[in-house]
Undergrad: 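If you scroll down you'll find the structure; I have some questions about it.
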Amino acid sequence: MARRPTLRPARRPTLRPARRLELVELGFVSTAPVRLVFTAELAAPPSAVHRSLAEEVGSWPSWFRAVVSATPTGGGTGRTVRLRGGVFFQETIMSRESDTRYAYRVDETNAPAVRAMLEEWVLSPVGSGTRVRWTMAADGPSAFRTAMRLARPGVGLSFRDAMRRLDRRLIPARHPSPGTGR
């Protein structure tokens with residue numbers, strides 16, 4: 001009698017254990033070998049956008065699909081962020097300027113090859129809305145740098161989707177006013 005082949009579940013890639021990264025300063029956002037910069041305009045005002053980024057950290061999974069969980073640590077001086085696929089970051093908040101800037105450095109991660117990473121969100125008013133500029137600054141070996149540059153379109157798509165979802169969360173659909181014909 002022929003034996004049926006045993007089906008095994010697909011193997012998930014194993015992630016490395018957490019390791020410490022270089023502890024870069026805010027200036028790294030301008031000098032990093034790899035800088036991915038994306039912008040979007042939201043209808044929500046800067047105060048609402050900043051609140052979602054910097055104060056309502058636990059809300060990130062509701063609008064940024066790549067994020068599985070985000071938890072404040074150290075009384076608000078840091079965060080632990082888990083992404084889809086099992087990558088996690090232990091971060092230190094580097095700047096939290098009301099309604100204008102939010103920046104954090106990755107201190108520990110299980111993501112392969114990255115040596116240093118810092119992300120900055122800069123908010124500026126545009127009419128009654130907000131222009132959001134997100135910079136992901138990173139360093140690693142040349143293969144990592146190349147991979148990050150190749151990932152730019154996908155990261156940009158994820159950012160644009162997150163900004164649309166955040167804007168919908170902050171500016172719920174308005175019911176038409178009576179007599180407007182909408």
Side-chain angles (χ1 to χ4, degrees), residues 15 18-42 44 46 48-74 76-124 130-141 144-167:
L15 294 171
R19 60 193 170 69
R20 298 239 355 125
L21 302 185
E22 293 176 23
L23 301 182
V24 295
E25 297 299 323
L26 277 173
F28 185 71
V29 78
S30 301
T31 63
V34 177
R35 295 177 63 248
L36 304 181
V37 182
F38 306 97
T39 60
E41 289 191 13
L42 282 62
V49 176
H50 190 269
R51 185 175 52 252
S52 289
L53 288 171
E55 296 169 31
E56 298 170 353
V57 173
S59 75
W60 279 54
S62 71
W63 54 268
F64 209 134
R65 289 182 181 174
V67 177
V68 172
S69 69
T71 309
T73 60
T77 62
R79 317 180 323 163
T80 298
V81 175
R82 296 193 181 283
L83 303 180
R84 296 197 188 286
V87 172
F88 83 90
F89 301 113
Q90 183 62 49
E91 303 168 340
T92 295
I93 308 303
M94 302 296 287
S95 177
R96 183 182 297 146
E97 299 170 31
S98 184
D99 302 351
T100 59
R101 184 182 196 194
Y102 183 57
Y104 43 88
R105 173 187 66 214
V106 176
D107 297 335
E108 293 182 28
T109 187
N110 61 346
V114 62
R115 280 195 290 249
M117 182 176 278
L118 187 131
E119 296 182 27
E120 176 188 58
W121 299 77
V122 175
L123 312 177
S124 41
T130 307
R131 176 175 291 121
V132 178
R133 185 185 75 218
W134 176 45
T135 303
M136 180 187 295
D139 190 18
F144 169 80
R145 293 178 191 179
T146 299
M148 287 293 291
R149 289 182 185 109
L150 291 172
R152 179 185 304 270
V155 174
L157 182 64
S158 179
F159 167 76
R160 287 186 299 280
D161 176 65
M163 293 300 94
R164 279 190 300 273
R165 291 169 59 86
L166 177 60
D167 209 26

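The residues of the chain are indexed from 1 along the displayed sequence. The structure displayed is predicted, hence computed values, not measured ones.
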Undergrad: Scan Glu91, Arg96, Glu119 and name whichever one has a side chain to side chain donor-acceptor pair (under 3.5 Å) with Tyr104.
TA: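 Testing Tyr104 for a side chain to side chain donor-acceptor pair (under 3.5 Å) against Glu91, Arg96, Glu119 leaves exactly one candidate, Glu119.
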Undergrad: What I want to find out is whether Glu120 reaches Arg133 closely enough, with some N-O distance under 4.0 Å, to be called a salt bridge.
TA: yes
Undergrad: Side-chain contact, heavy-atom cut-off 4.5 Å: Thr135 with Val37?
TA: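 They are in side-chain contact.
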Undergrad: So Phe89 and Leu83, do their side chains get closer than 4.5 Å, heavy atoms only?
TA: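 The answer is yes, as the side chains (C-beta and beyond) meet within the 4.5 Å cut-off.
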Undergrad: How about Leu166 and Val132: do any of their side-chain heavy atoms sit closer than 4.5 Å?
TA: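 With C-beta onward as the side chain, the pair stays apart.
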Undergrad: How long is the gap from CG on Leu118 to CD on Glu22, to the nearest 0.5 Å?
TA: 12.5 Å
Undergrad: For a side chain to side chain contact (heavy atoms under 4.5 Å, CB included) check, start with the C-alpha distance between Val68 and Phe88, then their side-chain angles and the critical distance, and finish with the verdict.
TA: CA-CA 10 Å; Val68 172; Phe88 83 90; over 6 Å; no
Undergrad: Quick one: does any side-chain atom of Arg84 pair with a main-chain N or O of Arg65 as donor and acceptor, under 3.5 Å?
TA: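 Yes, Arg84 side chain to Arg65 backbone: donor-acceptor pair under 3.5 Å.
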Undergrad: Can you list every pair that meets side chain to side chain donor-acceptor pair (under 3.5 Å) and has a residue in residues 144-166, with sequence neighbours left out?
TA: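 Qualifying pairs, neighbours excluded: Asp139-Arg145.
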Undergrad: Heavy atoms only: give me the nearest Pro112-Phe144 pair and the separation to one decimal.
TA: O-CD1, 4.2 Å
Undergrad: How far does CD of Glu108 sit from CZ of Arg20, to the nearest 0.5 angstrom?
TA: 5.0 Å
Undergrad: Indicate the ring-plane relationship of Trp60 and Phe64, choosing parallel, tilted or perpendicular according to the 30° and 60° boundaries.
TA: parallel
Undergrad: For a quick test of reading the model, state the closest non-hydrogen atom pair linking Pro61 to Gly58 and the distance between them.
TA: CD-O, 3.3 Å
Undergrad: If you define the side chain from C-beta out and look only at heavy atoms, does anything of Asp99 sit under 4.5 Å from Leu123?
TA: no
Undergrad: Which is it for Asp107 and Leu23 under the side chain to side chain contact (heavy atoms under 4.5 Å, CB included) test, yes or no, and what are the steps along the way?
TA: CA-CA 6 Å; Asp107 297 335; Leu23 301 182; 3.3 Å; yes
Undergrad: Do Leu26 and Arg101 have side chains that get closer than 4.5 Å, going by heavy atoms?
TA: yes
Undergrad: Below 30° counts as parallel, above 60° as perpendicular, anything between as tilted: where do the rings of Phe159 and Trp121 land?
TA: tilted
Undergrad: Can you see which heavy atom on Thr109 is nearest to which on Ala111, and at what distance?
TA: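 Residues Thr109 and Ala111, closest heavy atoms: OG1-N, 3.0 Å.
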Undergrad: With a 4.5 Å cut-off on side-chain heavy atoms, are Leu21 and Arg19 touching?
TA: yes
Undergrad: Write down the atom of Gly156, the atom of Phe38, and the distance for their closest heavy-atom approach.
TA: CA-CE2, 3.3 Å
Undergrad: How would you list, by chain and number, every residue that makes a side-chain contact (heavy atoms from CB on, under 4.5 Å) with Thr73, sequence neighbours excluded?
TA: Thr80, Gln90
Undergrad: With Thr71, which residues qualify under side-chain contact (heavy atoms from CB on, under 4.5 Å), at least two apart?
TA: none
Undergrad: Which heavy atom in Ala138 sits nearest to a heavy atom in Met117, and how many Å separate them?
TA: CB-CE, 4.1 Å
Undergrad: Nearest 0.5 Å, please: how far is OG in Ser95 from CD in Glu25?
TA: 12.0 Å
Undergrad: Counting C-beta onward and ignoring hydrogens, is there a side-chain heavy-atom pair between His50 and Thr100 closer than 4.5 Å?
TA: no
Undergrad: Which atom pair, heavy atoms only, marks the closest approach of Trp63 to Ser52?
TA: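 So the two residues come closest at CZ2-O, 4.3 Å.
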Undergrad: Any donor and acceptor pair, going by atom type alone, linking the side chain of Arg35 with main-chain N or O of Val29 inside 3.5 Å?
TA: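 At least one qualifying donor-acceptor pair exists.
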